[in-house]
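Here is the structure we will look at.
A, B, ... follow the sequence lines: proteins, then strands. Residue 1 opens every chain.
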Amino acid sequence: MIIDGLKLTLLGMAVVFSFLGLLVVIVHLSARLLKSFTEKEATAYEFHTRRKARELTPSEDKRKIMAVISASVSAHRAGRK
Amino acid sequence: MIIDGLKLTLLGMAVVFSFLGLLVVIVHLSARLLKSFTEKEATAYEFHTRRKARELTPSEDKRKIMAVISASVSAHRAGRK
Amino acid sequence: MIIDGLKLTLLGMAVVFSFLGLLVVIVHLSARLLKSFTEKEATAYEFHTRRKARELTPSEDKRKIMAVISASVSAHRAGRK
Amino acid sequence: MKSTFIFFGLIVVLLHLTCISSIAGEEAAGAGIKSIPSMTKMVGNFSKSTGLLNFIFPSNNKWTDGIGRLIMIGIGILLLYLAVHRQFEPLLLVPIGFGAIMTNIPLAGMSDPGGMLYYIYDIGIKTGVFPLVIFMGIGAMTDFGPMLANPKTALLGAAAQFGIFTTLIGALLLSKYVPGINFDLFDAASIGIIGGADGPTAIFLASRLSPHLLGSIAVAAYSYMALVPIIQPPIMKLCTTPDERKIRMKQMRYVGKLEKIIFPLSVLGLCVFLLPSAAPLIGFFMFGNLMRECGVVERLSNTAQNALLNIVTVFLGLGVGAQMSAEQFLNISTLGILFLGAIAFSIGTASGVLMARIMNLFPGSKINPLIGSAGVSAVPMAARVSQKLGMDADPENYLLMHAMGPNVAGVIGSAVAAGVLLTLKDIAG
Amino acid sequence: MKSTFIFFGLIVVLLHLTCISSIAGEEAAGAGIKSIPSMTKMVGNFSKSTGLLNFIFPSNNKWTDGIGRLIMIGIGILLLYLAVHRQFEPLLLVPIGFGAIMTNIPLAGMSDPGGMLYYIYDIGIKTGVFPLVIFMGIGAMTDFGPMLANPKTALLGAAAQFGIFTTLIGALLLSKYVPGINFDLFDAASIGIIGGADGPTAIFLASRLSPHLLGSIAVAAYSYMALVPIIQPPIMKLCTTPDERKIRMKQMRYVGKLEKIIFPLSVLGLCVFLLPSAAPLIGFFMFGNLMRECGVVERLSNTAQNALLNIVTVFLGLGVGAQMSAEQFLNISTLGILFLGAIAFSIGTASGVLMARIMNLFPGSKINPLIGSAGVSAVPMAARVSQKLGMDADPENYLLMHAMGPNVAGVIGSAVAAGVLLTLKDIAG
Amino acid sequence: MKSTFIFFGLIVVLLHLTCISSIAGEEAAGAGIKSIPSMTKMVGNFSKSTGLLNFIFPSNNKWTDGIGRLIMIGIGILLLYLAVHRQFEPLLLVPIGFGAIMTNIPLAGMSDPGGMLYYIYDIGIKTGVFPLVIFMGIGAMTDFGPMLANPKTALLGAAAQFGIFTTLIGALLLSKYVPGINFDLFDAASIGIIGGADGPTAIFLASRLSPHLLGSIAVAAYSYMALVPIIQPPIMKLCTTPDERKIRMKQMRYVGKLEKIIFPLSVLGLCVFLLPSAAPLIGFFMFGNLMRECGVVERLSNTAQNALLNIVTVFLGLGVGAQMSAEQFLNISTLGILFLGAIAFSIGTASGVLMARIMNLFPGSKINPLIGSAGVSAVPMAARVSQKLGMDADPENYLLMHAMGPNVAGVIGSAVAAGVLLTLKDIAG
Ligand code: NA
Ligand code: NA
Ligand code: NA
């Protein structure tokens with residue numbers, strides 16, 4: 001029985017490594033084949049994320065609005081004096 | 001067999017037309033019977049959609065606020081001079 | 001049969017009352033045992049709800065802003081005169 | 001509209017023409033087994049397979065297969081009307097009503113072996129799977145907090161189960177004195193459980209003890225649960241004094257998370273030691289509740305109370321409706337069941353209220369007896385009735401949360417009662 | 001990448017070494033039944049259980065179990081390609097394509113008794129349960145408003161079913177004149193229903209009458225439904241004059257809630273009295289629609305059109321794909337079915353359009369014949385085609401909502417036609 | 001509280017009174033079969049049907065049916081405690097623990113034919129349906145991006161499967177040298193798969209090869225998966241040098257959509273040609289992943305990872321827990337399984353780490369060996385452990401995404417290993 005276990009181990013690990021090893025090869029090949037598609041996508045993706053990042057920091061607008069309000073407040077104070 | 005197919009066609013199309021034809025009649029009848037309900041609903045529905053449409057354009061309020069702010073800004077500028 | 005029904009009623013109600021009666025006892029006991037946990041939780045919960053309640057009424061902030069804006073508006077009007 | 005009629009006319013004419021013209025072709029088609037007979041015969045055969053003819057001339061000459069089906073379809077439509085227009089427990093009565101219609105369509109055989117409704121009943125209801133899954137979902141929706149805050153109100157939920165057993169006796173009495181009604185002890189127990197005011201429990205027990213009464217019992221249970229706002233108030237007023245109705249109950253204490261986690265396990269523990277026969281019902285109910293309270297399997301709890309509960313509710317309803325065949329429903333027994341169901345709810349309500357009054361005789365904080373009626377379960381309808389009557393007596397008396405205690409205890413109480421009734425097979429020699 | 005190859009090499013070497021070294025151990029392992037044979041034999045046995053060898057040397061020497069499976073896997077991949085890249089009905093064709101691949105994996109036996117795909121087919125498709133549940137979900141998604149607003153357009157949905165029956169005749173003709181094709185009347189009926197352009201109806205009917213054709217019929221039905229934007233326009237243009245295509249239709253009236261609630265019950269009523277054999281299909285379709293429109297069971301309606309519909313769609317697709325074994329699919333009959341399916345869609349389209357033209361001969365408000373083609377169902381693709389061609393003729397002509405009337409009527413029409421075909425067993429002596 | 005005790009006392013008194021008073025009525029009830037015996041006998045019969053008595057005096061005098069059940073209920077509660085308080089894989093261990101309690105309730109017979117747990121096990125687990133559906137859901141949740149970006153890390157996921165096979169040998173050794181433990185080759189294979197650290201794979205394989213060990217194997221698998229943050233770190237530190245732990249890995253490249261769509265089909269293709277016996281597991285895993293990545297069936301993918309996954313998880317857990325009967329669980333074998341499971345995880349972890357070190361001997365970009373341990377799967381726990389230890393060594397070393405590569409590869413590796421073990425029946429003999 002123990003010898004059976006050893007045989008199974010050999011067979012099993014061989015199959016597991018063959019399977020995942022071949023998978024590595026296939027993934028490499030498909031990555032190479034699809035390189036042009038992926039690169040196009042990657043560029044579009046980066047462009048998109050950069051743009052989004054910019055949209056998420058509308059600090060300039062906010063700062064302007066705050067400036068206007070604080071200005072109007074100080075104007076009001078100035079008026080009081 | 002082919003003649004069977006023809007017979008089936010006749011029977012089938014007759015049943016399909018009878019079914020949908022009767023359905024047309026029933027729908028007409030039920031529409032007529034439920035006319036008062038439907039009309040009441042239709043009026044309420046129109047009223048509701050109109051009102052909603054109005055709510056979705058609160059431009060007046062916005063315009064007022066913008067006017068106030070721009071006024072205060074110009075007041076501030078005027079004060080500076 | 002009727003007498004069977006009466007017997008079942010007695011047995012059934014006895015079991016129902018025993019079950020829920022014992023449950024009452026167990027609930028009492030577990031409440032007593034877990035008192036310290038519950039009290040800690042209750043304090044945290046109350047603190048949390050109070051804080052939330054406070055956050056949900058930012059009336060002070062709003063009032064301040066409104067005061068500023070109305071002030072700036074009146075300043076603007078004052079300036080016009 | 002005109003064109004419609006004209007078309008319809010044309011088709012009828014066309015059909016008749018073919019009938020006549022095809023008599024000649026009669027022999028040509030008679031060869032194979034799968035061939036079609038002559039046009040006249042075909043139309044004849046086909047018209048035999050319309051529902052219209054089968055209502056009038058049912059194939060086996062039983063009235064329950066003819067006009068009886070038509071009556072049952074009418075009852076199905078009535079249930080739909082009550083569900084849609086009156087909002088009588090629509091989540092259950094819409095599928096039940098539709099199921100009742102579909103099962104009574106002549107020749108369609110939707111409840112015969114191989115039919116869709118047969119599969120639903122066979123897989124989900126006969127096995128008891130659907131009621132238990134629903135119970136799990138209800139468990140995941142139930143907050144036992146109000147009961148844990150004021151545990152003694154659970155006894156109200158015990159007292160209200162008295163309706164179950166008196167109805168059982170009532171069923172046996174009817175069976176003895178009314179000719180045409182022959183309920184055995186199992187039937188009586190299934191009918192009694194209507195008084196539990198809890199759908200899945202009633203369906204589970206009836207599917208175990210008296211499957212042939214399942215349709216009428218489920219319909220009675222859900223109908224009376226929907227009628228709780230009409231049935232309970234007069235009984236509640238009769239059993240209480242105006243002063244009692246004004247009793248205010250002190251605000252509930254905070255209930256800890258750990259208490260809520262321990263609770264379903266305590267109930268299950270009691271069930272294990274005291275009444276294993278109730279284990280399926282109480283087990284799945286408490287499993288659902290544990291998923292809700294334990295806080296680490298929120299996604300399972302959400303699915304159990306939403307997608308899964310809804311899916312099973314649709315099929316449970318259809319499967320229950322499918323049991324409403326004319327043969328099983330259109331008899332004096334069903335009338336008896338409906339009559340007994342009303343009794344069951346009334347006695348359950350009264351028992352709950354009176355129990356509260358008895359408990360007030362003992363020292364301790366007083367209970368407003370109006371929350372006693374919530375012990376029949378019918379969650380959350382019965383608790384809302386308590387709330388409403390409480391506010392009628394004193395507009396600032398909020399009883400809702402206090403009534404939720406006996407309300408959810410009533411669900412456990414009914415499950416326990418069902419467990420006792422399930423031991424009937426063992427008790428009876 | 002280099003290291004990968006080196007490792008892979010190492011393993012191969014290792015394996016070979018063991019084979020050689022273990023010849024000595026052969027006797028030691030031969031004792032028990034559950035022991036493993038010698039390393040060489042083990043590797044031999046194992047390699048027999050690889051797919052590669054079985055494609056070349058199938059166990060029973062049938063080509064359909066060898067290279068045939070490989071071809072079917074290719075067809076599965078083709079379906080996936082069409083679904084993913086061309087967006088041909090992806091919700092169905094992705095599971096169907098994957099199911100077709102999985103069922104054709106040699107030795108895996110996923111469609112043999114005990115395999116996952118076997119269970120899916122056996123429980124969900126052979127019983128007719130899955131198509132009916134899907135029909136319920138589609139019912140819950142369907143708004144019959146446009147048809148109720150202009151009911152006479154329902155007749156267009158009737159006319160388009162002509163494609164079903166002419167295809168039935170076509171199948172019988174093929175069967176008579178093409179050697180190698182032998183469709184009986186049931187097969188012909190199942191093939192005809194492709195013209196109904198409605199997936200669940202086609203699967204339900206085929207599972208009842210010709211289970212061995214289920215795979216090809218389902219694939220044909222869904223493929224042609226996806227091809228509607230290519231098949232229909234030339235036929236529609238051929239059957240209409242430019243002036244007709246410019247006909248504008250008046251704006252639709254408001255349809256009341258009560259009308260929408262009454263409608264599913266009316267359809268079911270007609271089905272009960274006229275055609276009980278269509279009751280499963282029409283019953284579940286209308287049950288779904290009633291849940292949608294009645295307004296009191298929103299949570300059931302939502303689940304029926306989302307979680308439940310999605311779950312069943314996945315399994316229905318896998319189960320249909322599982323019927324695409326090489327033996328059943330790779331024959332001349334499948335080609336015949338694909339050919340007939342195209343005919344079915346074309347004739348259905350033409351019938352719908354011509355019916356609209358006939359209806360315009362009668363007095364009353366005119367119909368734009370472009371909406372006639374929507375009568376084949378293929379909801380909502382066919383209606384969008386009508387819209388597109390309408391705008392081609394007159395950029396301000398919005399036909400979409402008008403086309404939805406015959407579109408949804410076509411679903412009912414197909415179910416009715418299926419009901420007629422289901423009575424074949426009774427009609428045929 | 002006082003009133004409670006008083007009521008309770010009253011009931012006990014009432015019950016006793018009735019017992020005495022009803023002796024006279026003994027004969028009256030003896031008539032029919034369905035009648036109830038005398039009150040004393042009834043109470044006697046009833047008390048025999050309480051759980052308390054059955055724990056002490058089990059009906060068949062086997063200790064596993066008496067006190068054994070009580071111990072198993074305790075183990076169920078322990079699992080619930082670990083799941084809820086320690087958050088050990090709560091999504092699985094809450095249902096498993098509750099299932100273990102329910103299956104061990106005496107007399108309830110919930111796992112006997114006709115019981116709810118029996119149906120769950122019979123329909124979902126014995127058939128292998130539930131693990132496959134879960135695998136589909138996990139596939140729909142898995143992003144293979146990190147593995148596609150750095151494919152050679154997949155070899156780490158291969159190496160970590162070494163734990164499976166050494167444990168298999170360990171089980172055979174135990175079986176030989178420890179009296180009372182008798183595992184055959186199938187049992188050893190099922191125990192070995194614990195080292196795959198993947199629940200559905202373990203349950204699927206055990207349900208195929210050794211259903212009687214299913215409960216203990218599933219419990220061991222999920223428990224050790226939850227213990228990964230405790231088991232792995234010391235082994236990882238032992239097998240690496242501080243310098244190795246500081247290796248930084250370069251940022252991953254962008255992985256295209258098309259690559260992600262092709263990937264599941266590639267894996268399936270390999271499975272078809274190389275190892276069809278793994279087709280059910282790998283097929284459904286990759287079907288789920290294809291639904292995720294193809295982008296056209298989002299609603300199916302969402303349902304597969306949410307509603308459907310949750311529903312099946314609940315029932316899978318209950319069904320697995322239902323296999324934990326005292327008779328099957330309370331023996332030396334279970335202890336052996338728990339011991340072997342710990343070995344399996346440890347060896348798998350070490351193998352993965354050492355494989356990374358071996359790979360670093362070859363030219364090419366270096367791998368931080370800490371990500372090797374993630375090859376055991378236990379997604380995503382093991383990857384998080386790699387991340388944590390990486391940051392311990394160098395606070396700016398982010399390994400999480402790099403560890404996800406071997407992590408998901410480990411799932412495929414375990415499924416492949418399971419496929420090899422499933423061919424045992426063919427290899428042997
Ligand atoms: Na109750
Ligand atoms: Na159609
Ligand atoms: Na693994």
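Inter-residue side-chain proximity for B/Leu23 and E/Phe263 is flagged as met; some heavy-atom pair is nearer than 4.5 Å. Residues E/Ile169 and B/Thr9 have side chains in contact (heavy-atom distance under 4.5 Å, counting atoms from C-beta outward). The shortest distance between side-chain heavy atoms of B/Val27 and E/Phe144 does not fall below 4.5 Å.
Interface remark: E/Leu148 contributes backbone and side-chain atoms alike to the contact with chain B (heavy atom separation under 4.5 Å). In this structure, chain B has a heavy atom under 4.5 Å from the side chain of E/Leu168, while its backbone stays farther away. Proximity to chain B is absent for every atom of E/Leu156, based on heavy atoms less than 4.5 angstrom apart. Of the two parts of E/Ala278, neither the backbone nor the side chain holds a non-hydrogen atom closer than 4.5 Å to a non-hydrogen atom of chain B.
Listed by first and then second residue, the side-chain hydrogen bond (donor to acceptor under 3.5 Å, both in side chains) pairs involving residues 252-267 of chain E are B/Thr38-E/Glu259, B/Glu41-E/Tyr254, E/Asp143-E/Lys260, E/Arg253-E/Glu259 (not counting sequence neighbours).
In this structure, B/Gly12 and E/Phe165 approach most closely via the heavy-atom pair CA-CZ, 3.4 Å. Summarising the geometry of B/Val24 relative to E/Ala154, their closest heavy-atom pair is CG2-CB, 4.0 Å, with the distance given to 0.1 Å.
B/Phe19 contributes atom CZ, which lies 5.0 Å from atom CG of E/Leu270 (distance to the nearest 0.5 angstrom). Note: B/Leu33 CG to E/Leu258 CG = 10.5 Å, rounded to the nearest 0.5 Å. In this structure, E/Ile262 CD1 and B/Leu29 CG are separated by 12.0 Å, a value rounded to the nearest 0.5 Å. Note that CD1 of E/Ile164 and CG of B/Leu8 are 12.0 Å apart. Values are rounded to the nearest 0.5 Å.
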Quick one: side chains of residues 171-180 of chain E, donor-acceptor pairs under 3.5 Å with protein atoms, not counting sequence neighbours, listed by atom name and distance.
residue  : atom : partner  : partner atom : Å
E/Ser175 : OG   : E/Phe183 : N            : 2.9
E/Ser175 : OG   : E/Phe183 : O            : 3.1

